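Okay, structure first, notes after.
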Amino acid sequence: VIRRLFVVLLVVLLLPSSIRAQESTPVPETTQNGLTIHVVQRGETLFRIALNYGITVEELAQINGITDPSNILVGQRLLVPSGTTSTSTEAITHVVQPGETLRSIAESYGTTVESLAALNNITDVNTIYVGQVLNITPPVETAVPTPTDAPQPDTISAPVSGTMLYTVQAGETLFRIATRFGISVNELATANNITDPSLIFAGQQLIIPGFEPPHLALDLPEPINNLSVNPLLLVEGQAAWIRLTTSEAATMSGTFLDRVLNVITEQGGMTHNILIGVALGTQAGIYPLSLNVTRSDGQQVSLSVNLQILTGGYGSENIILLEDREDLLDPSVDQAELDLITPILNTYTQERFFAGSMGLPAAAAVTSPFGTIRSYDGGVATRRHTGTDFAGAPGTPVLAAASGRVVLADTLNVRGNAVIIDHGWGVFTGYWHQFELYVQVGDMVTTGQIIGTIGATGRVTGAHLHWEVWVSGVPVDPMQWVQLSFP
Ligand SMILES: [Zn+2]
């Protein structure tokens with residue numbers, strides 16, 4: 001008996017060091033605690049367990065010889081490297097993704113719709129929305145809810161979605177990594193554009209294809225097989241790209257914010273794109289996105305997804321106009337000009353000329369951001385700043401922010417010498433107050449092409465470029481298009 005005990009003791013003592021020997025990264029000093037055995041509980045995933053112990057899924061999978069991290073069983077015993085402490089008392093939350101329902105989320109966590117609904121005070125399961133943070137387990141501290149405890153949407157951080165990254169360890173080969181994740185060397189090499197599989201190095205980050213982000217619980221009607229919303233949480237005064245894929249050729253239509261959506265269908269009718277501009281002044285809240293898919297045999301499938309719109313939180317400013325420009329504040333002047341440009345900005349070109357992010361329209365500093373509530377000469381603040389202003393000496397080149405077709409090049413009262421470029425798919429850019437214009441209606445321009453120079457024409461306080469981006473008929477924050485890259 002003593003010998004048997006000794007053997008068990010020896011195994012327990014040796015295990016951690018043999019595990020450590022496989023790791024190329026140094027292990028913290030606190031290894032005296034011995035080996036922890038974690039028994040998988042109902043609703044737990046490898047991702048969640050790894051998170052609780054402060055280690056990576058890869059580490060946990062490797063130690064336990066798990067090739068498919070999505071396949072673990074309740075009651076399964078997992079070895080956890082020593083020195084880590086469980087924080088499993090932490091509440092588990094889930095951020096609702098596009099295409100998920102309360103039913104599919106409950107299923108993926110091994111719980112029931114009823115218990116999820118009860119935990120989150122949900123009376124109607126159809127009211128859940130993209131970006132909503134659901135309690136999967138009861139909150140640790142049952143604080144008495146007060147109005148100020150209401151969830152603050154701005155603090156929600158959307159999970160990294162789409163791909164899983166793996167960092168190559170010293171001595172590893174592509175074959176070994178592929179085996180670990182249950183995929184072929186070829187799949188791994190293709191996903192990472194590796195032409196010579198022998199040329200990988202420690203520290204290199206590899207995309208592991210086929211690994212979905214944890215807890216994605218899609219529940220989409222056939223033939224819809226994926227739905228993405230970018231960004232996950234919509235913002236007043238910003239654009240969003242919605243992409244839906246179908247497993248067969250289909251056509252799509254839809255509505256959002258009381259507008260009929262323009263849909264671009266690509267890839268043999270299997271990819272459907274919608275660009276949405278959320279108008280300034282849209283009340284923060286939950287709004288349904290209604291989609292209709294028509295299959296080739298005429299059968300219709302409809303889908304409603306609740307999207308969240310956050311307030312833009314734009315500031316306010318007072319503008320002192322040049323003395324001889326005050327007559328331009330006359331509302332009839334504004335209206336006449338709006339009547340001229342609105343039809344242009346509401347046309348829809350099926351062809352797409354832009355790709356990726358936009359370039360800046362001038363090599364100049366931003367002096368006034370988009371969205372601010374403006375008053376002129378101390379008057380009532382009623383107007384919104386619908387573009388981004390750039391300072392610049394008169395004569396500084398004005399550049400096309402993206403490729404497209406010139407659809408307006410004219411002298412206007414408020415906007416001065418103005419150019420509008422149509423980039424396709426309902427995306428337009430506008431460049432106001434220029435000194436000289438170098439383009440004409442119908443010209444095709446490319447990103448960075450000089451279309452004019454900075455001036456002080458129209459309703460201005462001095463020489464500057466006012467740059468606008470319009471999406472689906474409304475002005476949106478141009479700087480979002482410089483920073484974000486839509487596919
Ligand atoms: Zn401006």
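Everything numeric in this text was worked out from a predicted model, so none of it was measured. Counting starts at 1 for both ligands and their atoms, following the listed order.
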Sequence neighbours excluded, which residues qualify as ring pair (Phe, Tyr, Trp, His ring centres under 6.0 Å) partners of Tyr314? Phe370
Kindly give the atom name of the N, O or S atom of Asp389 closest to the Zn ion (ligand 1). OD1
Decide, counting backbone as well as side-chain atoms, whether His466 has an N, O or S atom less than 2.8 Å from the Zn ion (ligand 1). yes
Check Arg405 with Glu351, please: is the shortest side-chain N to carboxylate O separation under 4.0 Å? no
Shortest-distance N/O/S atom, His385 versus the Zn ion (ligand 1): NE2
Assign the ring pair Phe354 / Trp425 to parallel, tilted or perpendicular, where the plane angle (0 to 90°) is split at 30° and 60°. perpendicular
Residues forming a side-chain contact (heavy atoms from CB on, under 4.5 Å) with Ile122, sequence neighbours excluded: Leu102, Ala117, Asn120, Thr127, Ile128, Gln132, Leu134
